[in-house]
Amino acid sequence: MEFTAKQIAEYVQGVVVGDENATIHTFAKIEEGTPGALSFLSNPKYSPYIYQTKSSIVLVNKDFEPEHPINATLIKVADAYESLARLMTLYEQTTPRHIGIDSLAYVSPTAKLGRNVTLYPFSYVGDGAVIGDNTILYPHATVYHDCRVGNNCILHAGCVIGADGFGFAPTAQGYDKIPQIGIVIIEDNVEVGANTCIDRATMGATIVHKGVKLDNLIQIAHNVEVGSHTVIASQTGIAGSAKVGEWCMFGGQCGIAGHISVGNKVQLGAQSGVPGRVRDGQTLMGYPAIESNRFRKSAVVFKNLPEIYTTLYQLKKEVEELKQTIKSYTN
């Protein structure tokens with residue numbers, strides 16, 4: 001399907017600068033643009049590409065002012081990135097997708113499936129599990145017994161919902177397994193990345209609230225609760241019974257200690273280690289995580305530690321020599 005610049009501008013409430021009859025039929029990164037492609041520019045560091053891109057149409061923020069001539073037709077919008085997301089969603093919705101249960105998928109006779117569910121080959125839905133409307137399970141996505149997945153969710157390949165939590169009691173002979181008799185509840189509009197694991201609760205439920213987006217290779221332990229619209233990047237681990245608030249943003253490889261609470265709208269930089277409670281609205285970095293501004297200042301000091309040590313050692317030596325000189329005079 002082809003769309004003109006005029007049609008796109010009307011949909012995203014933008015203003016056309018150039019040929020309103022320019023047409024596109026695909027998307028491309030601005031540095032890889034081709035005729036008939038739509039690109040976007042929101043990050044200033046990609047600005048040089050707009051003067052050489054071959055894309056037919058480029059979405060730009062409304063405050064963008066070119067410094068050189070541009071061949072592409074521009075559409076000025078309030079937020080180029082958000083407008084691109086809307087257009088790509090529209091494109092995806094107009095592309096037919098498979099709906100139904102593949103013959104190589106397994107669904108327990110006691111499971112309940114909603115309308116328009118898509119189960120790809122080798123996906124698994126266990127006894128008593130519930131899958132909501134319009135939800136997709138990609139190959140090898142696994143939903144264990146009695147767990148619940150809401151409407152409009154996406155479970156990517158290899159993710160595991162409801163495996164046993166990591167619970168063992170030490171004894172003189174080793175470790176006795178603590179039965180994990182709870183479940184996992186995933187609310188509506190949640191996306192779970194490939195090979196991400198969400199463990200079932202020891203008792204009660206591990207809960208991922210509505211609108212949460214989880215990247216690949218994330219571990220969410222038993223009895224964790226993740227607040228609505230929180231986004232978490234790859235390789236983050238959240239230990240048992242931690243409570244994470246709403247609208248949080250965690251970078252990759254963060255570690256959250258168990259039995260703590262993280263407030264709403266908290267931002268964690270990549271590789272942050274969080275050992276204790278975090279208040280609403282904090283932005284933290286480092287291990288252990290501290291306020292981001294303090295972390296940046298500390299990082300500058302840390303990389304200069306060898307020179308600082310040398311200076312301190314020299315000062316210490318000079319102070320000792322001065323003490324000896326003063327002592328010899330006083331005697």
Side-chain angles (χ1 to χ4, degrees), residues 92 95-168 177-226 228 230-242 244:
E92 185 180 51
T95 303
R97 73 173 178 89
H98 168 75
I99 295 177
I101 303 171
D102 189 273
S103 61
L104 294 177
Y106 174 81
V107 180
S108 167
T110 60
K112 296 181 180 179
L113 303 183
R115 297 169 298 170
N116 298 326
V117 168
T118 300
L119 271 60
Y120 281 85
F122 308 112
S123 56
Y124 173 94
V125 181
D127 296 343
V130 177
I131 308 295
D133 299 341
N134 305 308
T135 286
I136 301 171
L137 273 66
Y138 282 101
H140 297 284
T142 297
V143 179
Y144 275 53
H145 59 279
D146 299 319
C147 294
R148 306 174 198 167
V149 179
N151 303 321
N152 307 309
C153 293
I154 300 173
L155 275 56
H156 284 283
C159 72
V160 179
I161 311 301
D164 281 355
F166 192 64
F168 298 90
K177 184 176 178 62
I178 299 172
Q180 306 290 294
I181 61 174
I183 63 171
V184 173
I185 298 173
I186 295 178
E187 295 185 345
D188 297 346
N189 302 305
V190 170
E191 184 160 350
V192 180
N195 295 320
T196 283
C197 297
I198 305 174
D199 290 349
R200 69 193 313 110
T202 306
M203 293 179 285
T206 302
I207 305 174
V208 178
H209 287 287
K210 65 182 181 181
V212 168
K213 311 300 181 188
L214 303 176
D215 199 357
N216 306 329
L217 297 167
I218 289 171
Q219 164 64 17
I220 295 181
H222 54 195
N223 293 94
V224 166
E225 183 173 356
V226 180
S228 59
T230 284
V231 292
I232 303 177
S234 180
Q235 298 184 4
T236 289
I238 304 179
S241 299
V244 176

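Heavy-atom basis, side chains included; hydrogens, waters and symmetry copies ignored. Numbering starts at 1 and runs along the sequence shown.
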Original post:
What do you reckon, is NZ of K210 surrounded by more than 12 foreign heavy atoms closer than 6.0 Å?
Top reply: no

**OP:** May I have the step-by-step check of side chain to side chain contact (heavy atoms under 4.5 Å, CB included) for I185 and R148, ending in yes or no?
**Re:** CA-CA 5 Å; I185 298 173; R148 306 174 198 167; 3.9 Å; yes

Original post:
After noting the C-alpha distance and the side-chain angles of T110 and D127, does the key distance pass the side chain to side chain contact (heavy atoms under 4.5 Å, CB included) rule?
Top reply: CA-CA 5 Å; T110 60; D127 296 343; 3.6 Å; yes

Subject >> Candidate list L113, L155, V208, test side chain to side chain contact (heavy atoms under 4.5 Å, CB included), partner V149, passing option >> reply: L155

Side-chain donor/acceptor of [X] to backbone N/O of [Y], under 3.5 Å:
X    : Y    : value
S228 : G211 : no
D188 : N151 : yes
N223 : S241 : no
N152 : N189 : no

Minimum-distance pair of heavy atoms, taken over all atoms of [X] and [Y]:
X    : Y    : value
C147 : G162 : SG-CA, 3.7 Å
G128 : S108 : N-OG, 4.5 Å
T135 : L137 : CG2-CD1, 3.8 Å
H222 : T202 : ND1-OG1, 3.2 Å
T196 : I218 : OG1-N, 3.0 Å
A111 : G126 : CB-O, 3.6 Å

**OP:** Give the intermediate values and the outcome of side chain to side chain contact (heavy atoms under 4.5 Å, CB included) for residues N116 and N134.
**Re:** CA-CA 5 Å; N116 298 326; N134 305 308; 3.2 Å; yes

Original post:
Taking atom types as modelled and ignoring hydrogens, do the side chains of D199 and Q219 form a donor-acceptor contact shorter than 3.5 angstrom?
Top reply: yes

Subject >> Salt-bridge contact R115-D133 (side-chain N to carboxylate O under 4.0 Å) >> reply: yes

Does some side-chain heavy atom of [Y] sit less than 4.5 Å from a side-chain heavy atom of [X]?
X    : Y    : answer
I238 : I232 : yes
I131 : V107 : no
R200 : D164 : yes
T230 : H209 : no

Original post:
Do you know which of F122, Y120, Y124 makes ring-ring contact (aromatic ring centres under 6.0 Å, His included) with Y106?
Top reply: Y124

**OP:** Test L214 against I220 for side chain to side chain contact (heavy atoms under 4.5 Å, CB included), laying out the working first.
**Re:** CA-CA 10 Å; L214 303 176; I220 295 181; 3.7 Å; yes

Measuring from atom [atom1] of [X] to atom [atom2] of [Y], what distance do you get when rounded to the nearest 0.5 angstrom?
X    : Y    : atom1 : atom2 : result
N216 : S234 : CG    : OG    : 6.0 Å
I161 : I183 : CD1   : CD1   : 12.5 Å
N195 : C197 : CG    : SG    : 7.5 Å

**OP:** May I ask you to check whether F168 and F166 place their ring centres under 6.0 Å from each other?
**Re:** yes

